[in-house]
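Have a look at the structure below before the remarks.
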Amino acid sequence: MRQVFSILVNNHAGVLSHVSGLFARRGYNIESIAAGPTEDKEVTRIMIVAFGEEDKLEQIARQLRKLYDVREVNQLSYNRSVTRELVLVTVTADSEKRAEVLQIANAFGASVVNISDFSVTLEASGNDHRTRILIKALEKYGISNMARTGMIALPFDGMSEDWEPLA
Amino acid sequence: MPNNDAEQKHTFAVLVENKFGVLAKVASLFSARGYNIDSLCVGVTQDPSISRITLVTSGDIQILEQIRKQLSKLIDTIKVLDMDESGTAERELVLIKVTVPKEKRGEVLQIIEIFRARTIDISAESLTIEVTGDEGKIRAILELLRPHGIKEIARTGKVALSRGAKTLKSTKN
């Protein structure tokens, strides 16, 4: 099972190391992590995507809640949340290949950040499925540089409790 | 002249081996010395064995230099890159949930359009918005949405790529 942990913590030095240490000690490789400020200056939100058995994830959540400086732990199910990730990617493309790369960018709604004689840098956002397809499409040209933010998520509002995603 | 003692923000991109525990080591490096991390994000690079950690921290020049040295010393660190603002493209992604009754929806949708943001979820009394941009743009849209009542925000933290020809390969030791 794949789960997104949305963890609200006090913005103190050391919190992140406690949180990531908890996963590391149990031999969990975190799939992605993103930590950023919230509306409240004192509070930071850490988003972690982890993969594991349901009871193991449940156990991790319980232990997270026990940590000092952790205010709130929300487990967001993948199907009931909007998930997004931002990717900056530099693709090798000389003037001949540039049009092709821009076409792909266009199809994915990615925007161009920079163009040089032999490369194009793109900014793309989407859920992990979408970003994976885009990166796959760009790999053909040669990716020279890439930076990803890791996943963030917010629960859907506009759906009833018994909503089930389409298969 | 820049003041060397002044507290400043700095962005580091750290290329590390993609193993579990590496992030914990990086994080504990900061906590052990009481340095705070403003934002942090981790993702794999085009080479699946390498992860890129982008982190924003603050301190005076000595502290930042210290941090750079400590990061370079970690066994799993491949390379530490300085992301100074002039030579890099910086972006952040933010999801914002705004409380907005039907009558006010038009106003919010207008803000969304101006900032080239996207609506990704809508319900009777709320809108969820996706927006990407640099720090200034994000601050501006949050400022405009605040009066409408922001219910929830999730931010990725900043990622940065150098604009020039420098690549991961050419910088790898």
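Below, read A as the first sequence line, B as the second, and so on, with proteins coming before strands; counting in each chain starts at 1.
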Problem - Test item: Arg52(B) and Asn145(A) side chains (from C-beta on) under 4.5 Å apart, heavy atoms - result: yes

Exercise for the section: Mark yes when over 12 heavy atoms from residues, nucleotides or ligands other than Glu100(A) sit less than 6.0 Å from its CD; otherwise mark no. Expected result: yes

Practice task
Say whether Val56(B) and Ile67(B) are linked into one hydrophobic cluster, either directly or through other cluster members, by side-chain heavy-atom distances under 4.5 angstrom.
Solution key: no

Fill in the blank from the handout: Smallest heavy-atom separation, Ala24(A) atom then Ala24(B) atom, equals CB-CB, 4.1 Å

Practice task
Flag yes if Val14(B) and Ile46(A) sit in one hydrophobic cluster, no otherwise; membership is Ile, Leu, Val, Met, Phe, Trp, Tyr, and two members link when side-chain heavy atoms are under 4.5 Å apart.
Solution key: yes

Completion exercise
The interface call for Arg116(B) against chain A, heavy-atom contacts under 4.5 Å, is neither

Handout entry: Shared hydrophobic cluster for Ile53(B) and Ile48(A) (ILVMFWY, side-chain gaps under 4.5 Å)
Key = yes

Practice task
Please flag which part of Thr128(B) lies under 4.5 Å from any non-hydrogen atom of chain A: side chain, backbone, both or neither.
Solution key: side chain

Practice task
Against chain A, label Arg33(B) side chain, backbone, both or neither, depending on which of its atoms sit under 4.5 Å from a heavy atom there.
Solution key: neither

Exercise for the section: Say whether, by atom type as modelled, one donor and one acceptor occur between the side chain of Lys97(B) and the main chain of Pro155(A) under 3.5 angstrom. Expected result: yes

Fill in the blank from the handout: Value for CD (Gln46(B)) from CG (Leu138(A)), rounded to nearest 0.5 Å, stands at 11.5 Å

Completion exercise
Correct closest heavy-atom pair for Ser31(B) and Gly14(A) would be CB-CA, 3.0 Å

Practice task
Could you grab the distance from atom CG of Leu93(B) to atom CZ of Arg148(A), nearest 0.5 Å is fine?
Solution key: 12.5 Å

Problem - Most chain B-contacting option - heavy-atom pairs closer than 4.5 Å, from Val15(A), Leu22(A), Asp117(A), Leu16(A) - result: Leu16(A)

Problem - Contacting moiety of Leu127(B), where chain A heavy atoms sit under 4.5 Å - result: neither

Handout entry: Structural part of Glu139(A) lying under 4.5 Å from a heavy atom of chain B
Key = neither

Completion exercise
So, the part of Ala160(B) with a heavy atom under 4.5 Å from chain A: the answer is backbone

Exercise for the section: Would you please test Arg84(A) and Ile120(B) for side-chain contact (heavy atoms from CB on, under 4.5 Å) and show each step? Expected result: CA-CA 10 Å; Arg84(A) 284 291 184 277; Ile120(B) 45 178; 3.0 Å; yes

Problem - Interface moiety of Thr44(A) toward chain B, non-hydrogen atoms closer than 4.5 Å - result: neither

Practice task
Mind running side-chain contact (heavy atoms from CB on, under 4.5 Å) on Val113(A) and Arg91(B) for me, showing each step along the way?
Solution key: CA-CA 10 Å; Val113(A) 177; Arg91(B) 290 290 186 281; 3.9 Å; yes

Exercise for the section: Among Leu142(B), Ile37(B), Leu95(B), Leu23(B), single out the residue with the greatest number of heavy-atom pairs under 4.5 Å to chain A. Expected result: Leu95(B)

Practice task
Verify the cluster assignment for Leu8(A) and Val70(A): are they in a single hydrophobic cluster under the rule of side-chain heavy atoms below 4.5 Å apart?
Solution key: no

Handout entry: Verify same cluster id: Ile114(B), Val100(B) (apolar side-chain graph, 4.5 Å)
Key = yes

Problem - Verdict with reasoning, Glu92(B) to Thr149(A), per side-chain hydrogen bond (donor to acceptor under 3.5 Å, both in side chains) - result: CA-CA 8 Å; Glu92(B) 184 177 9; Thr149(A) 58; over 6 Å; no

Handout entry: Proximal component of His18(A), with respect to chain B [non-hydrogen, under 4.5 Å]
Key = neither

Problem - Interface residue of largest heavy-atom contact number with chain B, from Ala34(A), Gly36(A), Ser32(A), under 4.5 Å - result: Ala34(A)

Completion exercise
Bottom line for Val19(A): the part with an atom under 4.5 Å from chain B's heavy atoms is neither

Practice task
Tell me the residues of residues 147-155 of chain B whose non-hydrogen atoms fall below 4.5 Å from those of chain A, in number order.
Solution key: Ile150(B), Lys151(B), Glu152(B), Ile153(B), Ala154(B), Arg155(B)

Handout entry: Ser39(B) side, atom OG; Arg45(A) side, atom CZ - distance, nearest 0.5 Å
Key = 14.5 Å

Handout entry: Pairs meeting criterion salt bridge (charged side-chain N to carboxylate O under 4.0 Å, His left out) with involvement of residues 11-24 of chain A, two or more places apart
Key = none

Problem - chain B interface, residue from Ala147(A), Gly21(A), Ser111(A), Ser6(A) that has the most non-hydrogen pairs under 4.5 Å - result: Ala147(A)

Handout entry: Inter-residue atom distance Thr45(B).OG1 - Ile143(A).CD1, 0.5 Å rounding
Key = 9.5 Å

Handout entry: Point-to-point distance, once rounded to the nearest 0.5 Å, from CG of Asn11(A) to CG of Asp38(B)
Key = 7.0 Å

Practice task
Measure the spacing between CG of Leu154(A) and OG of Ser126(B) and express it to the nearest 0.5 Å.
Solution key: 10.0 Å

Problem - Side-chain donor-acceptor contact under 3.5 Å, Ser125(A) with Glu130(B) - result: yes

Exercise for the section: Select one option (side chain, backbone, both, neither) describing which atoms of Val44(B) are under 4.5 Å from chain A's heavy atoms. Expected result: both

